[in-house]
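Below, chains carry the letters A, B, ... as their sequence lines are ordered, and counting in each starts from 1.
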Protein chains: 2
Amino acid sequence: MFGTVLHGPGDLRFEACEIPTIVKPTDAIIKVAATCVCGSDLWPYRGIQPVAQPTRMGHEYCGVVTEVGSDVQAIKPGQFVIGSFFASDNTCPNCRAGYHSSCMNREFVGTAQAGILRIPLADGTLVATPEIPTDDMVPDLLALSDVMGTGWFAADAAEVGPGKTVVVVGDGAVGLLATLSARQMGADRIIAMSRHEARQKLAREFGATDIVSERGDDGVARIMELTDDVGADCVLECVGTQQSMLQAIRSARKGAHVSYVGVPHGVELNGEELFYAHVHLHGGPAPVRRYLPKLIDMVWSRQINPGKVFDLTLPLEQVAEGYRAMDERRAIKALLRP
Amino acid sequence: MFGTVLHGPGDLRFEACEIPTIVKPTDAIIKVAATCVCGSDLWPYRGIQPVAQPTRMGHEYCGVVTEVGSDVQAIKPGQFVIGSFFASDNTCPNCRAGYHSSCMNREFVGTAQAGILRIPLADGTLVATPEIPTDDMVPDLLALSDVMGTGWFAADAAEVGPGKTVVVVGDGAVGLLATLSARQMGADRIIAMSRHEARQKLAREFGATDIVSERGDDGVARIMELTDDVGADCVLECVGTQQSMLQAIRSARKGAHVSYVGVPHGVELNGEELFYAHVHLHGGPAPVRRYLPKLIDMVWSRQINPGKVFDLTLPLEQVAEGYRAMDERRAIKALLRP
């Protein structure tokens with residue numbers, strides 16, 4: 001079997017790897033129908049987050065179960081399944097509280113850019129679709145494995161709802177799907193902060209009512225202008241840098257809800273600024289598993305089409321080109337077909 | 001008239017000041033029935049927060065209205081009133097959202113350790129009691145001006161409710177009244193973090209079910225031990241230091257609500273730690289005005305007795321001794337009678 005391995009900054013190889021097999025009785029093996037490249041994969045690819053040794057890549061997946069361990073009960077061979085980047089038992093106190101990505105027994109699924117994949121804690125992690133989906137639906141279902149669930153969490157954590165004015169910081173796949181989520185949750189006004197034409201277009205298609213292309217202090221000033229100097233009710237931070245985080249907090253009205261779902265890189269929040277900002281802050285690794293049943297329903301009934309964020313589809317063996325295209329911002333998100 | 005003036009670290013004087021008069025038509029003048037020393041007054045008193053020039057002190061007050069400006073309608077001379085440390089118009093978008101301490105026209109009331117006091121935005125700021133209270137109720141009503149409202153906000157912002165396990169970090173007056181608030185809101189278990197015997201006793205009286213005297217990492221370890229390694233549902237940070245803030249966040253379960261109500265001094269939060277902590281964070285200067293009507297009712301019906309935090313009562317002219325006693329932790333909170 002071939003899989004994707006990062007050897008160092010920019011040095012991504014599609015090379016021979018061991019075929020995964022059942023290791024624990026709670027495992028399942030799936031034949032990957034589709035996988036993709038995540039914005040967070042670019043951190044190590046760019047060398048910003050160094051890798052100590054050759055590292056398998058990929059944490060988004062859907063596919064057909066081929067084998068299950070002896071303790072697996074709910075998941076069966078032949079089912080088409082989707083899971084999150086964190087395997088979770090779905091039974092511990094953190095899972096019961098809805099925070100599956102902080103499951104006490106979580107395991108990171110980090111080898112998904114490959115043809116075959118081992119999933120730990122299969123019963124807790126995987127959710128099956130009602131039937132085997134048609135091929136055109138696979139991108140929509142794949143999106144649920146991370147970006148759509150993360151965008152939904154961004155909107156949920158910021159308490160988006162009817163009548164609310166929402167700001168989305170970040171026009172990557174997660175930001176765009178946070179926009180779609182805010183629309184689904186009935187937001188009144190959705191201001192997407194984006195400076196790239198293709199992404200602005202998709203943001204509008206997903207439900208953005210306004211586009212702000214300024215960033216930093218200028219971006220904040222525009223938001224204040226658009227909200228009568230009050231600020232937004234809900235701000236969804238979908239980047240993870242110091243600038244984007246401050247931009248989010250400063251765009252919020254007093255008492256607003258600010259969510260953050262991008263892994264922070266170099267972010268330090270000053271306690272006093274946060275204090276006087278008077279915002280609610282909530283975020284972290286999205287508990288995608290919590291939302292999978294609902295989001296699968298929404299895709300299945302064609303209510304949402306999150307797969308639109310994939311503007312590049314490649315055979316899996318061309319994974320390196322997928323990384324390059326995203327790194328150079330030629331693509332929003334690259335889907336890979338084994 | 002005499003008032004309290006801080007001339008430099010430790011140099012607090014009770015000296016002749018101009019008698020306040022109506023400046024704007026929205027002002028009221030009150031004859032102070034009682035005022036007090038706040039934990040936050042100790043920051044400049046200790047020189048940690050330097051004062052550039054001699055500075056009037058005091059932001060907690062209740063008393064009888066003696067005069068109102070020509071635009072004041074709801075508040076009348078003769079009424080006994082309580083207000084917050086931030087005067088607020090009660091009509092701007094931030095006030096309407098319940099964040100009176102971020103009122104767009106707010107003014108800090110900073111001259112309350114005196115016999116007579118000017119209150120800006122009187123109609124929006126002041127709330128009258130049903131009648132003139134008996135003398136023994138004055139400490140309870142005075143507590144509503146800041147510490148009780150702040151403790152209540154700590155519990156409210158951390159979404160305390162029935163069935164919840166609550167941790168209170170800090171055993172100053174605010175922490176103690178946060179404990180009382182958590183009890184009133186029906187918390188199941190209230191763990192007060194306190195290492196001072198007199199404060200532990202009052203915490204128990206106010207409703208704490210457990211006391212943890214360890215701090216920092218040891219304190220966190222004790223909370224984890226007491227919560228089966230899950231962490232608390234609600235953590236109320238009532239200090240404002242880096243150590244107390246981290247202690248609060250690390251004592252929380254995934255998805256928990258952490259509130260912070262003490263003005264942060266030197267607090268920097270690492271984005272990545274916050275991200276993986278998976279907590280909700282909310283705080284800021286307590287919107288005391290939001291809670292005044294409810295808390296006045298609760299004091300008036302003798303349901304709560306927040307005045308118990310005053311363990312030292314002095315004539316106002318001995319205000320310097322009040323500061324010293326609190327600075328040396330001989331007193332939890334000093335009440336001053338003009």
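For Val261(A), the part lying near chain B is the backbone, with the side chain staying farther off; criterion is any non-hydrogen pair under 4.5 Å. Heavy atoms closer than 4.5 Å to chain B are found in both the backbone and the side chain of Pro285(A). For Met245(A), no part sits under 4.5 Å from any heavy atom of chain B, backbone or side chain. Both the backbone and the side chain of Val230(A) have a heavy atom closer than 4.5 Å to some heavy atom of chain B. Residue Val263(B) touches chain A through both its backbone and its side chain, counting heavy-atom pairs closer than 4.5 Å.
At least one side-chain heavy atom of Leu281(A) sits less than 4.5 Å from a side-chain heavy atom of Leu269(A). In this structure, Leu144(A) and Val127(A) have side chains that are not in contact, with every pair of non-hydrogen atoms separated by 4.5 Å or more. In this structure the side chain of Leu274(A) never reaches within 4.5 angstrom of the side chain of Val267(B), judged on heavy atoms. Taking 4.5 Å as the limit, some side-chain heavy atom of Val109(A) sits within range of a side-chain heavy atom of Pro120(A).
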Give the atom names and distances for all donor-acceptor pairs closer than 3.5 Å across chain A and chain B.
unit_1, atom_1, unit_2, atom_2, d
Ser102(A), OG, His278(B), ND1, 2.7
Tyr260(A), OH, Leu274(B), O, 3.4
Val267(A), O, Gly271(B), N, 2.8
Glu268(A), OE2, Asn270(B), ND2, 3.1
Leu269(A), N, Leu269(B), O, 2.8
Leu269(A), O, Leu269(B), N, 2.8
Asn270(A), ND2, Glu268(B), OE2, 3.0
Gly271(A), N, Val267(B), O, 2.8
Leu274(A), O, Tyr260(B), OH, 3.4
His278(A), ND1, Ser102(B), OG, 2.7
His278(A), NE2, Pro285(B), O, 2.8
Val279(A), O, His282(B), ND1, 2.9
His280(A), NE2, His282(B), NE2, 3.4
Leu281(A), N, Leu281(B), O, 2.7
Leu281(A), O, Leu281(B), N, 2.7
His282(A), ND1, Val279(B), O, 2.9
His282(A), NE2, His280(B), NE2, 3.4
Pro285(A), O, His278(B), NE2, 2.8

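Annotation for Met57(B) and Pro44(B): closest pair CE-CG, 4.0 Å, computed over non-hydrogen atoms. The minimum heavy-atom distance between Ala154(A) and Ala178(A), with the atom names listed, is CB-CB, 4.2 Å.
Atom-to-atom distance recorded for Cys238(B):SG and Phe153(B):CZ is 11.0 Å, nearest 0.5 angstrom.
Partners of Ala112(A) by side-chain contact (heavy atoms from CB on, under 4.5 Å), not counting sequence neighbours, listed by chain and number: Thr35(A), Tyr61(A), Leu117(A).
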